[in-house]
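See below for the structure under consideration.
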Amino acid sequence: MNVGIVILLLYTIGLLGIAYYASLQDKKSISHFATADSSLGVFVLTLTFSATYHSAYAFMGAAGFVYQHGIGWWVNGIWTVFPGVLFWILGRRFWFLGRKYGYISMAQYISDVYQDDRIGFLVTIITLIFTLPYVAMQAIGSGYIFEVISDGKLSYEFGTILFFVIMIVLVWMGGMKGIAITDAAQGVFMWIGMVIGSYMVIKNNFPSITNAYTEAFKVIPEHFTLPGPNGVVTSADWISRWVVITIGMMMFPHITLRFFSGRSLKVLKWSSVFSSIYLTSIYVFTPAIGFIGNILFPNIAAPDTIFPEMLMAYTPIVFAALVISGALAASMSTGDSQLHAVSSMVSTDIYKKHINREADEYKQYRVAKLFTVILGIISIIIALQKLMLVYKYGH
């Protein structure tokens, strides 16, 4: 059997085992399903926020961007620090309001502030419309990862459907508790894959990191300038990344749910510090990978695949398969959190507010689990259309 398939199988079994463990602690209430009853500690909250913030782009897109557009991506790396800062600035306020008024979603807060449930409903609908394609995007990346790691034995379609089946089961079984614990495991796995994997590729081709940059500068000096060889990394590009990524991402439902999930303000504070460190350090060798990719794989057809291609070519197959599974972790940890968030929102902000105001915690919990399946199937349909525009530009 293909080594990659075996590793994927073991990886999947491990995730499902963690989710099963979390399901044993399930309290069958919407507050536990949505926010784990605000019980997460520093380690788990840091990694579930960090792993959720990342997506398939971390593994597939970042090195590809450097490969095409140069060092400007890393110069603009401040967007990896600000998320942790905003997690504290915004998160502590929402955490406090959640404790005081029982909020477990942004729509509940907005409805109260404006004293109008219609505004909260509008927020929920907008969130659903824009989040479901994002969930599908994770599956699109994962579909190609399955193809690469199995050496073509698993098709894109099979990989996409399998990705969603795993994701739906994870959310169904564990809710926030299960997702957070699996995110923590995947966050560790992703960091090792990105950092150690990048380092091995570089060291297997160059005497040192410094030498890798020096040789790249000889071949592609224009990649070391701003706005880069294609004129992409302009001031407007920088500003848009700061606004859209740092502020915009904070408003996604899978992020805001984590505002309410910490055990205490002290937990939230330290999680914000450690998440900034994590989000920055995971990309420490990404610029070098993008640069030397132009030397080792010039004119590659799909730049976003440069890192997995280099892993397969320059590291042992078992290690490469393990690291590429880290790419799956990047997709899975974001996708399952997004699916969990929108399912929770449907239950609390549509069903409870507008369909059955008498619904108790258990009824809302059942509705959230039902919509985990329904919205998961809708996302599968979107992903199977191979929305290449979303895949190429929606990082």
Side-chain angles (χ1 to χ4, degrees), residues 26-40 48-49 52 87 90-91 93-136 167-168 170-172 174-180 247-262 334-379 382:
D26 189 2
K27 297 181 180 178
K28 294 181 171 53
S29 68
I30 189 60
S31 58
H32 189 264
F33 181 86
T35 66
D37 286 330
S38 301
S39 63
L40 303 184
T48 189
F49 169 68
T52 296
F87 190 60
L90 298 175
R93 289 166 170 77
F94 284 109
W95 182 91
F96 177 79
L97 291 170
R99 282 295 178 93
K100 185 173 183 179
Y101 298 109
Y103 300 144
I104 57 175
S105 77
M106 187 65 68
Q108 290 177 336
Y109 163 75
I110 291 175
S111 293
D112 272 10
V113 167
Y114 292 100
Q115 293 294 295
D116 192 336
D117 286 346
R118 291 173 298 180
I119 296 177
F121 180 78
L122 181 62
V123 168
T124 302
I125 296 302
I126 291 172
T127 300
L128 284 172
I129 291 172
F130 286 96
T131 302
L132 286 180
Y134 200 173
V135 176
M167 188 171 67
I168 290 170
L170 288 178
V171 177
W172 177 276
M176 172 60 86
K177 190 79 168 183
I179 289 172
I247 298 177
M249 280 290 289
M250 289 297 109
M251 297 300 103
F252 268 103
H254 60 291
I255 298 296
T256 57
L257 277 181
R258 280 146 182 81
F259 292 162
F260 304 109
S261 300
T334 301
D336 61 12
S337 295
Q338 291 170 329
L339 181 60
H340 163 259
V342 292
S343 300
S344 299
M345 288 185 70
V346 168
S347 178
T348 58
D349 304 324
I350 296 179
Y351 179 75
K352 170 69 174 178
K353 283 275 189 179
H354 302 280
I355 298 175
N356 183 5
R357 290 182 177 271
E358 304 303 317
D360 59 16
E361 286 259 326
Y362 178 73
K363 184 64 175 178
Q364 292 177 71
Y365 162 82
R366 298 300 299 177
V367 169
K369 295 190 76 170
L370 172 63
F371 272 89
T372 295
V373 177
I374 294 173
L375 296 175
I377 292 173
I378 293 173
S379 298
I382 295 172

### Task
With sequence neighbours excluded, give me every salt bridge (charged side-chain N to carboxylate O under 4.0 Å, His left out) pair touching residues 117-128.
Asp116-Arg118, Asp117-Lys353, Asp117-Arg357

Donor-acceptor list for residues 120-133 side chains, cut-off 3.5 Å, not counting sequence neighbours:
unit_1	atom_1	unit_2	atom_2	d
Thr124	OG1	Gly120	O	3.0
Thr127	OG1	Val123	O	2.7
Thr131	OG1	Thr127	O	2.6

### Contacts of Thr372 that satisfy side-chain hydrogen bond (donor to acceptor under 3.5 Å, both in side chains) - sequence neighbours left out
Ser343

### Task
Quick one: list whatever passes ring pair (Phe, Tyr, Trp, His ring centres under 6.0 Å) with Phe87, sequence neighbours left out.
Phe49, Phe259

### Query
Is there a side-chain contact between Tyr365 and Glu361 (heavy atoms, below 4.5 Å)?
no

### Query
Any side-chain heavy atom of Met345 within less than 4.5 Å of one from Met106?
no

### Query
Roughly how far, to the nearest 0.5 Å, is the CD atom of Gln108 from the CG atom of Leu97?
11.5 Å

### Task
Would you please name every residue forming a side-chain contact (heavy atoms from CB on, under 4.5 Å) with Phe260, sequence neighbours left out?
Thr35, Phe94, Tyr103

### Test side-chain hydrogen bond (donor to acceptor under 3.5 Å, both in side chains) applied to Tyr351 - qualifying residues, sequence neighbours left out
Asn356

### Query
Can you check whether His340 reaches His254 side chain to side chain, under 4.5 Å on heavy atoms?
no

### Task
Hey, could you give me the CD1/CG distance between Ile110 and Asp349, rounded to the nearest 0.5 Å?
9.5 Å

#### Entry: Nearest-0.5 Å distance, OG1 of residue Thr48 to CE of residue Met176
6.0 Å

